[in-house]
Protein chains: 2
Amino acid sequence: MSKRERAVTLREVAEAAGVSVATASRACSKPQLVTPETRELVAAAIDRLGYRPNVIAQDLKRASTGVVLVVVPSLSPYFLDIFRGVEAAAAELGYTALVGHSDRRGDREVAFVDRVRSRRADGVILATSVDSGGLHLGRPPMPPVVVALDECGAGYLPSVSVDHEAAAFAATSHLLALGHRRIAHIAGAAGSSMSEHRLQGFRRALAAAGTPLDPELLFQGDFTVEAGERAMERFLMIPHRPTAVFAANDEMALGALRACRRAGLKAPRDLSIVGFDDQRIAALTEPSLTTVGVPTLALGRQAMLQLGRILAGEAVQQKLVLPTKLTLRASTGPPPSA
Amino acid sequence: MSKRERAVTLREVAEAAGVSVATASRACSKPQLVTPETRELVAAAIDRLGYRPNVIAQDLKRASTGVVLVVVPSLSPYFLDIFRGVEAAAAELGYTALVGHSDRRGDREVAFVDRVRSRRADGVILATSVDSGGLHLGRPPMPPVVVALDECGAGYLPSVSVDHEAAAFAATSHLLALGHRRIAHIAGAAGSSMSEHRLQGFRRALAAAGTPLDPELLFQGDFTVEAGERAMERFLMIPHRPTAVFAANDEMALGALRACRRAGLKAPRDLSIVGFDDQRIAALTEPSLTTVGVPTLALGRQAMLQLGRILAGEAVQQKLVLPTKLTLRASTGPPPSA
DNA sequence: GCTCCAAATGGAAACGTTTACAATTGAATT
DNA sequence: AATTCAATTGTAAACGTTTCCATTTGGAGC
């Protein structure tokens, strides 16, 4: 233990000011209940002794901490945008937001939710794949948790998300409209419901256009740049190779782009590429990336507002869905044959 | 307030198990002090009632939280690497690390340090520019704070950093050795001691080589990609333009690179560029970036170890300096005339 | 001058733990 | 059989606040 000297308590302040502890407490937190003179007295004592309230004691008494935890799978700019959205809304509601990253490990997710169970935080926002995470929330009562971005497959947790399926449908339709017929898909991490919805949207768009899906044009990725590279390398070895690729996120689209360049192919001349997420980097690549924009800030903001309602004991809408926006940039164009 | 039902307390567990609160407490935290039978009894009751200890109460009693806060200026991958270093060491020492970002705002830094003053955290690691931040730590006793990456100019806080000046000297010397004589520098944010040390190293290298510094070749940046672009645009307008540029971080080097490409210049053929930090992206740019590697993980790790010592009441070495490493990649070469 | 009331204050009980101390056991030592 | 001791448990006092309740005070209204 530290040999740091004991901190100043409210008792000592009260003594120094010549008032009772109760009055000192009131002077701090409910100034209107105390005469201006006593207020002055206490303020002077606080200043003189360098008193800081012990928030842990306050939290224990008040049975709440004013802290919400935002759990993200990785500390990447994308998720941090969601966090920023949460943070802004949290500030408005008088909460403090802190980030924690789960590294996509279920046990770490549970550890964060446990912080709520053990009263170290008031609520949790999970911007992570709940279903894959093995997050078992155990017996009721359900802790105040809101899922952001993804949704809770089991349906027992409120969520704020986007319609991944519809967005993927739109992205694929864009490629079809440009004239592409052989379109490949690089799927996201297996077991993530986000990945599955995006894949379904892709499938539905092809079906709607009457274009059969060649199983060779489907690659099981995991959201990393490397997966994108491997996928594209595979696609390029197919005799009748695809003229367009729809990746389930920007990172994989980037990997695909890089593999193309290495193979001497230029997008969009030889091949069109579409990403998903509209991460900052998507606008900066060469060529810039056509991608599906996800309203990360709004997602975080709404998740926090939902959580706020839950914490206030209000009822909340179980599923909130925010709109996406297909952003056309330089990586897509008509197929080479056209 | 929430209409959530009151949580199960240790008292209820004790009653259910037919033992005293003290025994129940011991069964949880000091199992060796209790007979196996009682242990069983308590465990069963805990399970039956779904008891979770109230950590806030524990913290209050123990007068410590086991939490350390890592304050970073921005949630960028670079700082998150430092965080990861802290996190790993924290886990070894039995602490939990949480990130907070200050947005380079002094008041936010102070707010985080205040969290330890008000006992919500045991210590703080500041991976941020202390001197510019207006962080006034007020009267003693000094809270347990360690500065990482930067150092505390005023010298009243222990720090773990690298020798920015020597690293900048090495980077500049590399360019000189390649034959460059007109070398420009894009400086970091004004008021950051890191920026100043890097600038000094640059100056000293030129001086050591007997090369005078043209004031036109010095640009005051702020660590952003945009600053790098603007700097390079300025440099390219100079009649006798530089053949090499040393940027105070990778982001600005990237901006410079991009401005070059737009101007139709190719690195390293027409111009050499050196960055600082060796962020992940440095290896992925086209061309890949020659840059000064900063041991971010080790920096975080050592900072946490220092903090651990302080919290244990041990004396610590005031300044710890870790080595950097110049990583040669594809963005540097001999000047065009050579 | 008396009552009544609001405002200001103090005393003390909470909040849910941990732990110092005391009390109770039963076995081992003499 | 008396003594000592370790092991196990219980009682109660903390930790630093907030807040309920009671008490004191000084006017205002009669």
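Reminder, nothing fancy here: chain letters follow the sequence lines and each chain counts from 1. All figures in this text were calculated on a predicted structure; none of them were measured in a lab.
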Under a criterion of less than 4.0 angstrom to any heavy atom of chain A, what are the 5'-terminal and 3'-terminal contacting nucleotides of DNA chain C?
-> dA8(C) to dG16(C)
Side-chain donor or acceptor of Arg39(A) paired with backbone N/O of Val34(A) under 3.5 Å = yes
Whole angstrom is fine here: how far is it from CZ in Arg11(B) over to C1' in dG10(D)?
-> 14 Å
Heavy atoms, side chains only, cut-off 4.5 Å: are Leu98(A) and Arg115(B) in contact?
-> yes
Under 4.0 angstrom, heavy atoms only, what part of the nucleic acid is Val55(B) near: base, sugar-phosphate, or nothing?
-> nothing
Please answer whether the main-chain N or O of Thr65(A) pairs with a side-chain N or O of Arg120(B) as donor and acceptor at a distance below 3.5 Å.
-> yes
To the nearest Å, give me how far apart CD (Glu37(B)) and C1' (dA7(D)) are.
-> 13 Å
What protein N or O atoms touch nucleotides 19-26 of chain D N or O atoms at under 3.5 angstrom, if any, and at what distances?
residue: dT19(D); atom: OP2; partner: Lys30(A); partner atom: NZ; Å: 2.9

Salt bridge or not for Asp107(A) and Arg105(A), using N-O below 4.0 Å?
-> yes
Hey, is the main chain of Ala189(B) close enough, under 3.5 Å, to the side chain of Ser195(B) for a donor-acceptor pair?
-> yes
Would you say Val294(A) and Leu149(A) make side-chain contact, with heavy atoms under 4.5 Å?
-> yes
Side-chain heavy atoms of Leu60(A) within contact of Asp59(B), under 4.5 Å = no
Bend angle of the helix from dG1(C)-dC30(D) to dT30(C)-dA1(D), from helix axes over five pairs at each end, nearest 10° = 50°
Does Ala57(B) or Ser20(B) map to a spot on DNA chain D nearer the 5' end, using the closest nucleotide for each?
-> Ser20(B)
Side-chain heavy atoms of His164(B) within contact of Val162(B), under 4.5 Å | yes
Thr38(B) side chain near dT9(D) phosphate (N/O to OP1/OP2, under 4.0 Å) | yes
